[in-house]
Amino acid sequence: MATTTAPDPRATLRRGLPDRYLTPGDIAEIFGVPKETVYAWRKKQIGPPGFRIGKHIRYDPAEVFAHVTHLKSIDRETA
């Protein structure tokens, strides 16, 4: 008899992104980079746009998706 584990919730949500605001840790996990890289992207204004809630940084999944789509279109144009 096979045992089942809870599915990764990211696999069942729209566009593979959680249906909640994302943390810098989430962004690091999604892109496979260290969390320090996410903070450097924010400082240089080259990564997905984030916003501050008090002392916390959050990212809108729709804007993260739009950022990736934009990067893909630029990459296709320069290839």
Side-chain angles (χ1 to χ4, degrees):
M1 178 187 285
T3 59
T4 59
T5 59
D8 184 350
R10 290 172 296 169
T12 61
L13 299 169
R14 290 180 296 202
R15 298 178 180 160
L17 294 172
D19 195 19
R20 61 175 172 77
Y21 290 122
L22 305 171
T23 66
D26 293 329
I27 297 297
E29 183 179 332
I30 288 167
F31 290 107
V33 299
K35 196 185 307 186
E36 293 79 16
T37 299
V38 175
Y39 288 118
W41 288 345
R42 179 168 166 76
K43 185 175 182 178
K44 296 176 183 178
Q45 298 180 349
I46 59 173
F51 60 95
R52 192 172 285 282
I53 298 179
K55 65 179 183 175
H56 303 284
I57 304 296
R58 294 295 181 260
Y59 297 85
D60 184 334
E63 289 183 358
V64 172
F65 184 79
H67 179 73
V68 170
T69 302
H70 175 71
L71 292 177
K72 285 180 176 181
S73 69
I74 290 173
D75 190 52
R76 288 184 190 124
E77 291 172 4
T78 60

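All residue numbers in this chain count up from 1 along the given sequence. All values derive from a computational prediction rather than experimental measurement.
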Please report, to 0.1 Å, the donor-acceptor pairs under 3.5 Å made by any side chain of residues 69-79, with sequence neighbours excluded.
| residue | atom | partner | partner atom | Å |
| --- | --- | --- | --- | --- |
| T69 | OG1 | F65 | O | 2.9 |
| S73 | OG | H70 | O | 2.8 |
| T78 | OG1 | I74 | O | 3.3 |
| T78 | OG1 | D75 | O | 3.2 |

Next item on the list: Could you tell me which residues satisfy ring-ring contact (aromatic ring centres under 6.0 Å, His included) with F31, sequence neighbours excluded, listed by chain and number?
Entry: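 ring-ring contact (aromatic ring centres under 6.0 Å, His included) check on F31 returns W41.
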Notebook entry, point to check: In Å and rounded to the nearest 0.5 Å, what is the CD1 to NE2 distance from I27 to H67?
Noted result: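 So the CD1 of I27 and the NE2 of H67 are separated by 9.0 Å.
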Item checked: Where V64 and P48 come nearest, the two heavy atoms and their spacing ->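 Taking every non-hydrogen atom into account, CG2-CB, 4.0 Å.
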Notebook entry, point to check: Should V68 and V38 be regarded as members of a common hydrophobic cluster, given that ILVMFWY residues are connected when their side-chain heavy atoms come within less than 4.5 Å of each other, either directly or indirectly?
Noted result: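 In one cluster with V68: V38, yes.
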Check: With hydrophobic residues grouped by side-chain heavy-atom distances under 4.5 Å, do I46 and F51 end up in a single group?
Finding: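 No, no single cluster joins them.
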For residues 55-63, dump all side-chain donor-acceptor pairs below 3.5 Å to protein atoms at least two apart in sequence or in another chain.
| residue | atom | partner | partner atom | Å |
| --- | --- | --- | --- | --- |
| D60 | OD1 | A62 | N | 2.9 |

